[in-house]
Amino acid sequence: MTAFALSDGNSFYCSCERVFDPKLEKRPVIVLSNNDGCAVARTSEAKALGIKMGQPYFQIKDLCRQEGVVALSSNYALYGDMSRRMNVVYNRFSPETEVYSIDETFLDVEHVPRKDRTAWASELRATTCQWTGIPTCVGIGPTKTLAKLANKAAKTLATGVLDLTDPDEQARVMADFPIGDVWGIGRANQAKLLALDIQFAGQLRDMEPKKARGIMTVVGEKIVHELNGRSCMDLESVAPQRQGCAVTRSFGQRVTSRIEMEQAVAGYATRLGEKLRRHGLATDYVTVFMHTSPFNDDEPQRNVSMTVDIPEATNDTMQLIKAARRAVEGLWKSGYRYSKAGIVTQDLVPPGLAQRSLFDGLDHDRAAKVMAAMDEANRRWGRATVVPAAVGIASRSPFTTKFEMRSPRYTTRWDELPVCR
DNA sequence: TCGAATCAG
DNA sequence: ATTTCTGATTCGA
């Protein structure tokens with residue numbers, strides 16, 4: 001019988017901040033998305049004040065001031081490193097794990113005898129907290145969907161652990177488990193199910209799989225099977241090759257000039273190149289898009305994209321910038337206040353797969369060396385230490401993403417190490 | 001085969 | 001004035 005555990009960090013981004021700043025303990029804390037746009041992580045104290053997931057910061061600024069809520073810009077370098085540390089712990093507790101997201105990991109627990117699973121999970125939790133400072137919850141079940149459900153239910157328990165190996169226990173919890181909290185049931189499907197008076201996980205478990213398929217496609221059919229303890233999803237311990245790669249961002253301020261747009265998109269192309277090289281992949285086309293803010297619908301709207309082919313698959317930043325610039329040239333129209341742009345690519349291939357002609361072989365090698373040197377400099381001294389001239393002086397640009405309240409990158413930058421005294 | 005819809009975190 | 005970002009999957013035209 002398959003058995004999975006799901007461990008996830010409580011209010012993960014906020015907990016990371018608390019590890020390095022004990023003053024945040026017991027206080028309401030929120031972490032904001034890019035551009036300090038909206039709340040993407042909240043401590044229980046912040047949730048109690050009524051701050052919703054994804055709520056725009058400007059709507060709650062006053063509340064935060066009144067109630068002493070600490071609002072922080074997101075610090076992904078810190079969160080990524082803390083996530084890595086947690087997985088080091090997990091790998092000592094299970095021979096096989098699947099990193100599902102920055103704060104969630106599935107662990108294979110077939111090797112743990114049923115009667116020991118709760119104790120095993122408690123120890124996992126205690127060790128994770130001791131080694132990383134991050135509090136977690138752990139759910140266990142015979143399928144991934146039930147492990148997710150158990151994890152969610154564990155959040156309301158003082159122990160932070162719930163084992164749903166036993167079908168009677170599953171039934172007890174599912175009887176009043178809200179349908180919208182089931183993994184894979186989003187807003188649209190929740191509405192469809194509620195219209196059929198299906199309010200709780202237990203009701204969905206008892207639905208005919210074919211009927212679920214009719215309502216929610218094959219995804220819904222799988223969910224029904226999984227709620228019944230029939231596992232349809234394996235642990236994916238090796239991450240599947242990524243299929244696409246994108247760099248998209250809202251601007252700190254609206255962009256109205258072509259020069260700014262070109263620099264912004266050149267910056268995204270630069271980042272795209274870094275990502276591709278890190279994964280050892282390449283692409284032979286890029287799609288660039290730009291649009292105005294749909295939230296300012298009294299203004300003239302524009303939403304366009306263009307795909308530009310690259311002669312052969314590459315991850316060379318200069319080639320990506322060249323293609324991206326061609327797209328901006330084709331798309332640009334002034335008179336609009338652009339709020340967001342991005343560069344997207346699909347169909348990634350290993351580099352060097354493409355035919356390489358005798359004549360430009362040397363150019364390829366030279367370009368690869370330049371990119372390698374740039375990556376190394378940026379790795380050593382921080383992102384954007386060296387950038388192509390087309391990107392401009394990023395720190396002065398009006399479109400640069402805002403991070404006005406970012407905490408130090410405690411664990412990944414020597415010059416931002418915490419100081420003890 | 002491509003875009004839209006859906007979902008997740 | 002302010003409303004994340006990235007990636008995957010599925011379906012139907």
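Residue numbers start from 1 in every chain, and the chains themselves are labelled A, B, ... in the order their sequence lines are given, proteins ahead of strands. What you see is a predicted model; the values in this text were computed from it and never measured.
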Is there a side chain to side chain donor-acceptor pair (under 3.5 Å) between A:Thr317 and A:Arg277 once you walk through the steps? CA-CA 9 Å; A:Thr317 293; A:Arg277 291 193 295 277; 3.0 Å; yes
Apply side chain to side chain donor-acceptor pair (under 3.5 Å) to the pair A:Thr307 and A:Thr287, showing each step before the final yes or no. CA-CA 4 Å; A:Thr307 299; A:Thr287 300; 2.8 Å; yes
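Residues A:Asn296 and A:Val219 each lie close to DNA chain C; by heavy-atom proximity, the contact nearer the 5' end of the strand is made by A:Asn296. Toward the 5′ end of DNA chain C lies the nearest nucleotide of A:Gly37, the other residue of the pair A:Gly37 and A:Cys245 mapping further downstream.
Residue A:Glu104 is classed as a sugar-phosphate contact, given heavy-atom separations below 4.0 Å to backbone atoms only. Across all strands, A:Tyr57 comes closer than 4.0 Å to no nucleic acid atom at all (heavy-atom distances). As judged by a 4.0 angstrom heavy-atom cut-off over every strand, A:Val182 is placed among residues touching the sugar-phosphate backbone only. Residue contacts for A:Gln243: at a heavy-atom cut-off of 4.0 Å it reaches the sugar-phosphate backbone alone, with no base atom in range. Note on A:Lys52: nothing from the nucleic acid sits closer than 4.0 angstrom, heavy atoms only.
When the C1' atom of C:dC5 is taken as reference, atom OH of A:Tyr76 falls 7 Å away, rounded to whole Å. One atom, CG of A:Leu32, and another, C1' of C:dC5, lie 14 Å apart when rounded to the nearest Å. Counting to the nearest Å, the P atom of C:dT3 and the CZ atom of A:Phe295 are 7 Å from each other. For A:Tyr268 and C:dT6, the OH to P distance is 9 Å, given to the nearest whole Å. The CD1 atom of A:Ile223 sits 15 Å away from the P atom of C:dT9 (whole-angstrom rounding). The distance between atom CD1 of A:Ile215 and atom C1' of C:dC11, rounded to the nearest whole Å, is 17 Å. Between A:Leu348 atom CG and C:dT6 atom P the separation is 15 Å, expressed in whole Å. Atom CG in A:Asp62 sits roughly 16 Å away from atom P in C:dA1 (whole-Å rounding).
Not one N or O on the side chain of A:Thr248 forms a donor-acceptor pair closer than 3.5 Å with the backbone of A:Ala341. Panel note: side chain A:Asn296, backbone A:Glu299; no donor-acceptor pair is recorded below 3.5 Å. Judged by distance alone, with hydrogens and angles left aside, the side-chain atoms of A:Thr128 form no donor-acceptor pair with the main-chain N or O of A:Met86 at under 3.5 Å. Side chain of A:Asp108 to main chain of A:Glu110: a donor-acceptor pair is present (N/O by atom type, distance under 3.5 Å, no hydrogens or angles). Between the A:Gln203 side chain and the A:Phe200 main chain, a donor and an acceptor come within less than 3.5 Å of each other. When atom types are taken as modelled, the side chain of A:Ser74 and the backbone of A:Tyr76 share no donor-acceptor pair closer than 3.5 angstrom. For the pair A:Tyr57 (side chain) and A:Ala71 (backbone), a donor-acceptor distance under 3.5 Å is absent.
Salt bridge present: A:Glu262 and A:Arg258 bring a charged side-chain N and a carboxylate O closer than 4.0 Å.
Of all nucleotides listed (C:dT10, C:dT6, C:dT4), C:dT6 comes nearest to the side chain of A:Arg249. Side-chain atoms of A:Thr217 lie closest to C:dC11 of the nucleotides C:dC11, C:dT3, C:dG7. Which of C:dT2, C:dC11, C:dT4 sits closest to the side chain of A:Ser250 comes down to C:dT4.
Ring planes of A:Trp332 and A:Tyr338: tilted class, angle from 30 to 60°. By the 30° and 60° cut-offs, the orientation of the rings of A:Tyr268 relative to A:Phe251 is parallel.
Taken together, the paired segments of DNA chain C that extend over three or more consecutive Watson-Crick or G-U pairs, each closer than 3.5 Å at both contacts, are B:1-9 with C:5-13.
You'll find the ring centres of A:Trp183 and A:Phe106 inside the 6.0 Å limit.
Contact footprint of chain A on DNA chain B: nucleotides with an atom under 4.0 Å from a non-hydrogen protein atom, first to last in 5' to 3' order, B:dT6 to B:dG9.
Look at the P atom in both B:dA8 and C:dT3: the space between them is 24 Å, to the nearest Å.
A heavy atom lying under 4.0 Å from DNA chain C marks none of the residues of residues 184-204 of chain A.
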